Amino acid sequence: MSESVRVRFAPSPTGHLHIGGARTAIYNWAFARHHGGTFVLRIEDTDPERSTEENTQAIIRAMEWLGLDYDEGPGVDGPYGPYFQTQRAASYADALERLKASGSTYPCFCTSEALDAKREAARQQGGFAGYDRTCRGIEVEEAARRVAAGEPHVWRLKVPEDRADIAFCDAVRGDVRFPGDAVDDLVLVRTDGTATYNFAVAVDDTTMAITHVIRGDDHLSNTPKQILIYEALGEDVPVFAHLSMILGADGKRLSKRHGATSVEAYRDSGFLPEAVMNYLALLGWSLDGETTVFSRETLAESFSLDRVSRNPAIFDDEKLEWLNGVYIRDMSATELIDRIVPVLAEAGLITHEEAASRREWLLRLAPMVSERLKRLDEIVPMVAFLFSDSVEIEEGAREKVLEKEGSGLALDACRDALASVPSFDAETIEAALREVPERTGVKPKVAFQAVRVATTGSTVSPPLFESLELLGRERTLQRIDAARPLAAS
RNA sequence: GGCCCGUUCGUCUAGCGGUUAGGACACCGCCCUCUCAAGGCGGAGAUCACGGGUUCGAAUCCCGUACGGGCUACCA
């Protein structure tokens, strides 16, 4: 429990960083930071069919966005590199040599076709469908001769006879035990000389001196295989911690069918990295059962594996949105503007140049919207009326508000008041408009709603007086004039 | 089929032998109020999957069952 703690996040670049992977990365990061250890990013790119450089970059970008800085990995050299599995072939070859030397592996000449047939037959009879060890019985000399002769072969792990139960203490699940005969003589090195997943992972984790393997639940059943490889190699077994899956709203494993599942998709739909990180941390871990909002620093300080939950968790978009709103409200006006200008620019409401020259105006806008936003992109429909020359009045708004008795009267009175107000700021505007109901006898709600609909086009908007201030006197009066014919007398 | 893992309000969770089973999101009501939010207060919501044990006492420990998930590849 000190500086010697080394953990790794090992995604395979066959797609973008998804929610489940991100949570695994977060827990690894938090564990490393908590213990002052080292967080390694290792790219498991051994599937040439599906791995791409682009995906690798996307994963790294997503981690940067979340603030998951790693101490060793792509672009961050360390003493245990390289950090791409495709570049570690020499390391696997070396491990295989060690296994050959200790007699813990043997070549297998069975064809995959023959194996498939046997497996199928065994499964029909309902038994364990592991390898039947045919080639394990071949004399060492003969096997060596056939290998030398170039006969196609794979290398299999020679699992000890009558192996006792393989037991380990999982840091989140507790004691886990597999029957000794549950693991067959699995393939370590393929016919083409490349390492299989389980071999590569075990070798990498030992050669990278990983002390704690924190990973998805789907690897729990692979653990006994890897333990056997560790033992054959004569290496220490790390501590394992298996995290439960994240499921979609239907209780099924999270997939594309559930909509956005990649971290980037959340970024693009207006979520803040702090919120995503906080939410994901909470999905399967709790600080104390009470605290729900916390910074990444607090997460690092408080994180421990024994508070990781064992049950699968359903991803709840609504709670993420609420949390995102919490973080938005917590931002200063300048921070919020910095985050929002790109969104407005993207929507074509403002250019970056305009944003720079109207900075002061935008800073006044910030407090009006901050407590109304759950996602950054909601800003667009909310403030579009401030960026247009005129406004189209929503059908329902006209009926419900403008056609209500008294609204025309109120509009006239408000127009007069606004036209003659000495200064067009929210405070003065409010004072002037507050007198209208008294003077006309129209209820405040009716009068203010009429002005709101006339100037924003909608029955829902940011606070009226502030909105008018930002709109400016000219446009405000124009819009009231334009709406006036639609209003009841 | 075999082997592993899991099961507390709709959702995320607290709980680690004795609690009125706590909190958060969502939901409902009230207050605040120029709309919407935000905020404040309050409410409803969990026979702790089911069945057996162990115990004076079990959501907590043990054993089954059901349901869900994972592994069982020369994928990762």
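All of these numbers come straight from a predicted model, not from anything done at the bench. Letters A, B, ... mirror the listed sequences (proteins, then strands); counts begin at 1. Values reported hereafter were calculated over all heavy atoms of this structure, with side chains retained and with hydrogens, waters and symmetry mates removed.
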*Within the distance-only criterion (no hydrogens, no angle test), does the side chain of A:R307 pair as donor or acceptor with the backbone N or O of A:L287 below 3.5 angstrom?*
yes

Let's see if you can work this out: which of [options] has an atom nearest to the side-chain heavy atoms of [X]?
| X | options | result |
| --- | --- | --- |
| A:L464 | B:rC34, B:rA26, B:rA76 | B:rC34 |
| A:V176 | B:rC4, B:rC71, B:rC74 | B:rC4 |
| A:R119 | B:rA76, B:rC4, B:rA73 | B:rA73 |
| A:E371 | B:rA37, B:rA24, B:rA76 | B:rA37 |
| A:A313 | B:rG39, B:rC12, B:rC5 | B:rC12 |
| A:R372 | B:rC12, B:rA76, B:rC36 | B:rC36 |
| A:E318 | B:rC25, B:rU35, B:rC74 | B:rC25 |

Once you apply a heavy-atom cut-off of 4.0 Å, does [X] come out as touching a base, just sugar-phosphate, or nothing?
| X | value |
| --- | --- |
| A:C110 | base |
| A:T191 | base |
| A:G284 | sugar-phosphate |
| A:P444 | nothing |
| A:S12 | sugar-phosphate |
| A:P463 | base |
| A:K374 | nothing |
| A:F465 | base |
| A:V154 | base |
| A:T46 | sugar-phosphate |
| A:I314 | sugar-phosphate |
| A:T459 | base |
| A:R307 | sugar-phosphate |

Value in whole Å for how far the [atom2] atom of [N] lies from [atom1] of [X]:
| X | N | atom1 | atom2 | result |
| --- | --- | --- | --- | --- |
| A:N324 | B:rC25 | CG | P | 15 Å |
| A:E151 | B:rC74 | CD | P | 18 Å |
| A:D218 | B:rG70 | CG | P | 9 Å |
| A:I246 | B:rC5 | CD1 | P | 21 Å |
| A:D175 | B:rC3 | CG | C1' | 17 Å |
| A:L115 | B:rU72 | CG | C1' | 14 Å |
| A:E120 | B:rG2 | CD | C1' | 15 Å |
| A:L280 | B:rA24 | CG | P | 21 Å |

Determine, for [X] against [Y], whether the closest basic-nitrogen to carboxylate-oxygen distance falls under 4.0 angstrom.
| X | Y | value |
| --- | --- | --- |
| A:K400 | A:E394 | no |
| A:D47 | A:R50 | yes |
| A:E120 | A:K118 | no |
| A:E161 | A:R136 | yes |

Please give the distance between the [atom1] atoms of [N] and [M] as a whole number of Å.
| N | M | atom1 | answer |
| --- | --- | --- | --- |
| B:rC61 | B:rU55 | C1' | 10 Å |
| B:rA24 | B:rG39 | P | 12 Å |
| B:rA73 | B:rC3 | P | 16 Å |
| B:rC48 | B:rC9 | C1' | 10 Å |
| B:rG22 | B:rU65 | C1' | 31 Å |
| B:rA21 | B:rC32 | P | 35 Å |
| B:rC12 | B:rU47 | P | 16 Å |
| B:rC5 | B:rG10 | C1' | 25 Å |

Any strand counts, and the cut-off is 3.5 Å on both contacts for Watson-Crick or G-U wobble. Which nucleotide pairs with [N]?
| N | result |
| --- | --- |
| B:rC71 | B:rG2 |
| B:rG45 | none |
| B:rC36 | none |
| B:rA66 | B:rU7 |

Compare side-chain N and O positions of [X] against OP1 and OP2 of [N] and report whether any pair is under 4.0 Å apart.
| X | N | result |
| --- | --- | --- |
| A:R50 | B:rA76 | no |
| A:K445 | B:rU35 | yes |
| A:R310 | B:rU7 | no |
| A:N198 | B:rA76 | no |
| A:N311 | B:rU7 | yes |

*Counting only distance, no hydrogens or angles, is the base of B:rG6 paired donor-acceptor with the side chain of A:S244 under 3.5 Å?*
no

_Any donor-acceptor pair, under 3.5 Å, between the side chain of A:R452 and the base of B:rC34, if you only look at N and O atoms?_
yes

*Atom SG of A:C135 and atom NE2 of A:H153: how far apart are they, to the nearest 0.5 Å?*
11.0 Å

*Output the distance between atom CG (A:D184) and atom NZ (A:K225), rounded to the nearest 0.5 Å.*
7.5 Å

*Six-ring centre of A:F240, A:R215 cation under 6.0 angstrom, axis tolerance 45°*: no

_Heavy-atom nearest nucleotide on RNA chain B for A:F448 versus A:L283: which residue maps closer to 5'?_
A:L283

*asked:* Go nucleotide by nucleotide along RNA chain B from the 5' end; which of A:S221 and A:R177 gets its closest nucleotide reached first?
replied: A:R177

*Stepwise, does the ring pair (Phe, Tyr, Trp, His ring centres under 6.0 Å) test hold for A:Y279 with A:W285?*
CA-CA 10 Å; A:Y279 177 71; A:W285 177 80; over 10 Å; no

*Closest heavy-atom pair and its distance - A:V189, A:V187*: O-CG1, 3.5 Å

